Amino acid sequence: MTATVTSETAEPGGAPQSSGLTFPDGFVWGAATASYQIEGAAREDGRGPSIWDTFSRTPGKVFAGHTGDVACDHYHRYRDDVALMVELGLASYRFSISWPRVRPDGAGPVNHRGLDFYDRLTDELIGNGIDPVVTLYHWDLPQTLQDRGGWTVRETAEAFAEYAQSVYARLGDRVRTWTTLNEPWCSAYLGYASGVHAPGIQDPVSAFKAVHHLLLGHGLAARALRDAGAQTIGITLNPSSVLPLDQESAADQDAARIIDGLQNRIFLDPLFHGRYPADMLEHMARFTDLAHIREGDEAIINAPIDVLGVNFYTPTYVSAKPGQAAALDNPGSEGIAFRKPVGPVTDIGWQIEPAGLTRLLERLHKDYPGTPMMITENGAAYPEGPDPATGRVPDTARIEYLDGHLRACHDAISRGVDLRGYFVWSLLDNFEWAEGYAKRFGVVHVDYTTQERVPKDSALWYRDVIRRNGLDDRSPTEG
Ligand code: GCO
């Protein structure tokens with residue numbers, strides 16, 4: 001697809017039309033969710049426990065002791081949820097498969113009842129003209145695999161490829177787009193370094209081993225999917241737009257290099273260039289011998305992919321600060337300060353800076369060229385619920401956030417970036433990991449007592465964006 005864009009729209013024969021932003025023909029409009037965050041039915045049809053079941057039951061780990069036991073009850077309400085997607089006019093829906101539903105013991109026998117659910121969901125989507133985009137791992141590792149070392153051991157990478165094959169065997173005749181991992185940065189560093197996410201471990205050595213075994217799992221699964229005949233294979237990262245606070249300062253630039261290495265290049269270089277960056281090998285070697293990185297592994301990780309998924313929420317600014325303790329989720333970052341958000345932030349405290357997204361996409365396009373990209377997540381937490389008088393959910397700030405980031409995507413496309421689609425995070429309010437149900441990212445409001453869904457104003461706005469394949473020139477908050 002060529003990335004042609006227009007910045008003017010004209011109504012044939014009509015009065016001069018306001019200028020707007022039109023996206024390329026075929027640009028994919030979608031919404032995203034993840035299994036543990038929405039499905040519920042935690043003990044149904046043979047599903048085994050995941051690390052998030054364990055973690056959310058560990059006192060003090062998740063806001064107010066919330067768990068994904070029921071979540072949005074999507075497991076039972078998926079038909080209604082697909083009907084909502086139809087109302088919004090989504091072309092595509094990105095969801096993840098729960099590994100412990102499919103292989104309750106991680107590496108053991110396939111649980112066909114678990115696959116039945118995804119089979120029904122896939123048929124429901126396709127029957128309604130919505131293209132399914134499957135993510136194989138969105139953080140719900142089977143607990144049995146964690147008990148054997150989780151992502152710190154090689155066996156988990158091997159088990160992941162086997163699990164990927166079992167899902168492909170069932171859905172491969174209908175699902176065209178396969179994403180191996182979602183945000184391995186979070187799985188590795190939040191799961192094993194800061195311990196803010198499951199499995200809640202705080203050990204840099206484990207985190208670096210997890211980085212490698214996640215990437216290896218991706219490579220092994222990508223190869224297995226390719227051999228099985230998968231059409232489009234990708235991985236979703238959350239690459240960060242990392243900038244030195246003082247662009248002129250050599251010390252700040254060096255701080256940015258290290259954080260860019262830990263958050264971006266440690267994943268992107270082996271994926272696209274088949275080797276870890278030399279400075280990151282040195283960085284990791286401060287903590288561990290690198291015996292877990294075996295001869296040939298980087299070539300496996302370098303398996304060709306067809307699309308890079310990019311999740312973006314907020315940029316990162318860093319500076320050199322002697323004496324600063326390391327941020328737990330960035331092992332080895334002592335002497336580096338992360339700037340506190342400035343300017344407008346969302347309800348989760350993340351700085352809003354759409355230009356950071358354009359910058360990031362251009363950088364990825366320049367340093368890792370040749371692979372089309374999709375925004376596989378972008379969105380914002382805001383608390384609004386239904387107005388008792390009107391029943392509407394007036395989430396104006398979310399509309400502004402989305403409008404700004406779509407303009408940033410359009411800018412990137414205008415500058416030559418091969419961006420093929422956009423998935424809003426998220427279709428539904430859902431279980432926001434350590435924040436439980438306290439943070440709402442949905443364009444559809446969920447009442448967790450009644451499970452009633454109400455499309456927010458942002459959903460109606462997004463429906464119009466999809467209809468016109470672009471943005472109009474009104475400020476998003478007007479009318
Ligand atoms: C993410 C996650 C989502 C989060 C979202 C908001 O990939 O970070 O995929 O599960 O809910 O990012 O934090």
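Counting begins at 1 with the first residue of the sequence. Remember, it's 1-based here, ligands and their atoms both numbered in the order they're listed. Predicted model only: the values in this text are computed from it and were never measured.
- In this structure, ligand 1 sits under 4.0 Å from heavy atoms belonging to Gln37, His138, Trp139, Asn182, Glu183, Asn311, Tyr313, Trp350, Glu377, Trp425, Glu432, Trp433, Phe441.
- Remark: the Glu353 side chain and the Tyr317 side chain contain an N/O donor-acceptor pair separated by less than 3.5 Å.
- Of the charged side-chain nitrogens involved, none lies within less than 4.0 Å of a carboxylate oxygen, so that Asp457 and Arg398 do not count as a salt-bridged pair.
- Formation of a donor-acceptor pair under 3.5 Å by the Tyr462 side chain with backbone atoms of Trp29 is not found in this model.
- Remark: Arg392 CZ is loosely packed, at most 12 non-hydrogen atoms of other residues, nucleotides or ligands lying under 6.0 Å away.
- Sorted by first and then second residue, the side chain to side chain donor-acceptor pair (under 3.5 Å) pairs with a member in residues 98-107 read Glu39-Arg101, Arg103-Ser166; sequence neighbours excluded.
- Within 6.0 Å of the CZ atom in Arg174, the count of heavy atoms belonging to other residues, nucleotides or ligands exceeds 12.
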